[in-house]
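This structure is a prediction, so every number in the text was calculated from the model and none was measured.
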Amino acid sequence: MIGRLNHVAIAVKDIAAAAKVYRDTLGAEVSGAEPQPDHGVTTVFITLPNTKIELLEPLGPESPINGFLEKNPSGGIHHVCYEVDDILAARDRLVAAGARVLGSGEPKIGAHGKPVLFLHPKDFCGTLVELEQA
């Protein structure tokens, strides 16, 4: 059901400083910062030959990653994102198998302009999983 790894997301407190590390230290191609108000974060994407790294910075006090950063003050891997051909079919199959979809269960438009869903980390070996329509 899952396709390729779309990205690994890393929560950071200072997205400009984190982007500088990837750009200047590692020599990576780094996008500009983009606010994602529907998700409560600002994102930067690092393009790699085989996938992407997404840097996430909280966008305001209600950001869903504030709790993560409180527990992990240095930041860290927040989630992994896999592509699926049909996000609604994937959701229905996962729910039928007992997996929990976070939020309302309806896809939201993600940072790439495509529908996304998040799956409960307790159902996936302690890892928050994002599904993105391919």
Before you tell me yes or no, could you show the steps for Glu54 and His78 under side chain to side chain donor-acceptor pair (under 3.5 Å), namely the whole-Å CA-CA distance, both residues' side-chain angles and the distance that decides it to 0.1 Å? CA-CA 10 Å; Glu54 177 185 38; His78 184 261; over 6 Å; no

Are any of the side-chain heavy atoms of [X] and [Y] separated by less than 4.5 Å?
X: Phe118; Y: Val129; answer: no
X: Lys52; Y: Leu5; answer: no
X: Leu56; Y: Val12; answer: no
X: Pro107; Y: Val116; answer: no
X: Leu94; Y: Met1; answer: yes
X: His120; Y: Leu102; answer: yes
X: Ser63; Y: Glu57; answer: no
X: Leu119; Y: Val101; answer: yes

Do you know which two heavy atoms are closest between [X] and [Y], and how far apart they sit?
X: Gly75; Y: Leu69; result: CA-CD2, 3.7 Å
X: Ala11; Y: Ile65; result: CB-CD1, 4.3 Å
X: Ala111; Y: Thr43; result: CB-OG1, 4.3 Å
X: Gly60; Y: Asn66; result: O-ND2, 3.1 Å
X: Leu131; Y: Ala90; result: CD1-CB, 4.3 Å
X: Asp85; Y: Ala134; result: OD1-CB, 4.2 Å

State whether Lys114 and Glu83 are salt-bridged, where the test is any N-O pair (Lys NZ or Arg NE/NH1/NH2 against Asp/Glu carboxylate O) under 4.0 Å.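 The answer is no: the pair does not qualify as a salt bridge.
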
Should Lys108 and Asp38 count as an ion pair when the cut-off is N to O under 4.0 Å?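 Result for this pair is no, no salt bridge flagged.
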
I'd like to know if the side chain of Asp86 reaches the main chain of Leu88, judged simply by a donor and an acceptor atom lying under 3.5 Å from each other, with no hydrogens or angles considered.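 Checked: pair present.
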
Donor-acceptor under 3.5 Å (Asp123 side chain, Arg100 main chain):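 Here the side-chain-to-backbone pair exists.
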
Applying side-chain contact (heavy atoms from CB on, under 4.5 Å) to Tyr22 and Leu55, what does each step give before you reach the verdict? CA-CA 10 Å; Tyr22 278 89; Leu55 302 177; 4.0 Å; yes

Linking I/L/V/M/F/W/Y whenever their side-chain heavy atoms sit closer than 4.5 Å, directly or via other members, would [X] and [Y] fall into one cluster?
X: Leu117; Y: Val95; value: yes
X: Phe124; Y: Tyr82; value: yes
X: Ile10; Y: Val41; value: no

Step by step, work out the salt bridge (charged side-chain N to carboxylate O under 4.0 Å, His left out) result for Glu106 and Arg91. CA-CA 9 Å; Glu106 292 302 315; Arg91 176 201 60 195; 3.2 Å; yes

Determine whether more than 12 heavy atoms belonging to other residues, nucleotides or ligands lie under 6.0 Å from atom CG of Asp14.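 Yes, the 6.0 Å shell around CG holds more than 12 heavy atoms from other groups.
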
Can you confirm whether Arg23 is buried at CZ, in the sense that more than 12 heavy atoms of other residues, nucleotides or ligands lie under 6.0 Å from that atom?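 Yes, enclosed.
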
Side-chain H-bond candidate by donor/acceptor type, Glu132 with His7, under 3.5 Å: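 Judged by distance alone, the side chains do not pair up.
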
Using the side-chain contact (heavy atoms from CB on, under 4.5 Å) rule, take Val8 and Thr51 through it: C-alpha gap first, then chi angles, then the decisive distance, then the call. CA-CA 8 Å; Val8 174; Thr51 193; 5.7 Å; no

Rounded to the nearest 0.5 Å, how far does CD of Glu29 lie from OG1 of Thr47?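 Reported to 0.5 Å precision, the distance equals 4.0 Å.
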
Could you label the plane-to-plane angle of the Phe45 and His112 rings as parallel, tilted or perpendicular, counting under 30° as parallel and over 60° as perpendicular?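 Tilted, since the angle between the ring planes falls between 30° and 60°.
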
